[in-house]
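Worth saying up front: this structure is predicted, and the values here are computed from it rather than measured.
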Amino acid sequence: MNSKTVSIMTDHNSVNHLVRITNCLQTILDLEPQLEKLEHGNSLLDEFTVLKSFLEKIDKVELSEEDVVRIESATANFLRELQGPLVRLGSVAKPGRRLQ
């Protein structure tokens with residue numbers, strides 16, 4: 001492999017990481033309307049400002065595959081934790097939304 005090939009692979013990995021992290025953050029932010037209805041949802045909504053700010057700057061952050069996997073896992077755990085309260089409210093996640 002030459003340096004150009006390595007550079008292209010690195011760029012591809014960076015774009016892939018960016019897409020995966022953006023997917024995680026956007027999936028969480030899409031829950032904002034449902035979280036407003038939860039009893040303790042306001043405390044979670046306070047953190048959304050931080051997430052939105054991070055999402056705006058995500059393209060400047062260098063992430064490793066391990067970072068991305070850890071964030072995807074944390075997002076999946078967060079969504080599992082919210083599933084019960086949201087189902088009790090009658091809020092259901094949008095069909096077709098999933099983590100990759």
Side-chain angles (χ1 to χ4, degrees):
M1 263 191 264
N2 62 33
S3 62
K4 187 173 182 179
T5 303
V6 172
S7 176
I8 291 170
M9 289 175 55
T10 303
D11 289 346
H12 175 73
N13 286 340
S14 295
V15 170
N16 185 12
H17 291 160
L18 179 63
V19 168
R20 290 166 58 196
I21 294 298
T22 300
N23 183 40
C24 289
L25 295 175
Q26 193 59 56
T27 299
I28 292 170
L29 291 173
D30 286 348
L31 293 172
E32 190 170 9
Q34 289 101 341
L35 291 177
E36 290 173 346
K37 299 174 188 174
L38 291 178
E39 182 179 343
H40 299 290
N42 287 337
S43 61
L44 291 172
L45 291 174
D46 292 341
E47 300 300 322
F48 274 46
T49 305
V50 175
L51 282 178
K52 289 175 186 177
S53 174
F54 184 70
L55 189 55
E56 291 171 2
K57 299 172 187 162
I58 190 70
D59 59 335
K60 296 173 183 72
V61 177
E62 193 168 321
L63 298 162
S64 68
E65 177 66 19
E66 293 79 22
D67 293 331
V68 175
V69 169
R70 191 177 73 252
I71 291 169
E72 288 173 331
S73 177
T75 301
N77 288 335
F78 179 68
L79 296 175
R80 269 193 300 278
E81 292 292 324
L82 285 178
Q83 188 173 10
L86 291 177
V87 167
R88 285 191 290 279
L89 278 176
S91 299
V92 192
K94 295 177 185 174
R97 293 296 300 203
R98 66 184 180 96
L99 294 177
Q100 297 186 358

- Heavy-atom pair of closest approach, residues L29 and F48: CD2-CD2, 3.4 Å

- Query: If you measure from OG1 on T75 to CD1 on I21, what distance do you get to the nearest 0.5 Å?
  - Reply: 7.0 Å

- Message: Distance alone, cut at 3.5 Å: any donor-acceptor contact between the side chains of T27 and D30?
- Response: no

- For residues L31 and L79, determine if any side-chain heavy atom of one lies less than 4.5 Å from a side-chain heavy atom of the other. yes

- Item | Between CG on residue N77 and CG on residue L82, distance to nearest 0.5 Å | 11.0 Å

- Atom pair CG (L55) and CG (L51), whose distance is rounded to the nearest 0.5 Å: 8.5 Å

- Query: Which atoms form the tightest heavy-atom contact between P85 and E81, and what is the distance?
  - Reply: CD-O, 3.3 Å

- Nearest 0.5 Å, what's the CD-NZ distance between Q26 and K52? 9.5 Å

- Is the closest side-chain heavy-atom distance between I71 and L25 below 4.5 Å? no

- Task: Give a yes or no on whether L18 and V69 share a hydrophobic cluster (residues Ile, Leu, Val, Met, Phe, Trp, Tyr; joining criterion: side-chain heavy atoms under 4.5 Å apart).
- Result: no

- Task: Hey, could you give me the OG1/CD1 distance between T22 and I58, rounded to the nearest 0.5 Å?
- Result: 6.0 Å

- Side-chain contact, heavy-atom cut-off 4.5 Å: S14 with H17? no

- Spacing of E65 atom CD and R70 atom CZ [to the nearest 0.5 Å]: 11.5 Å

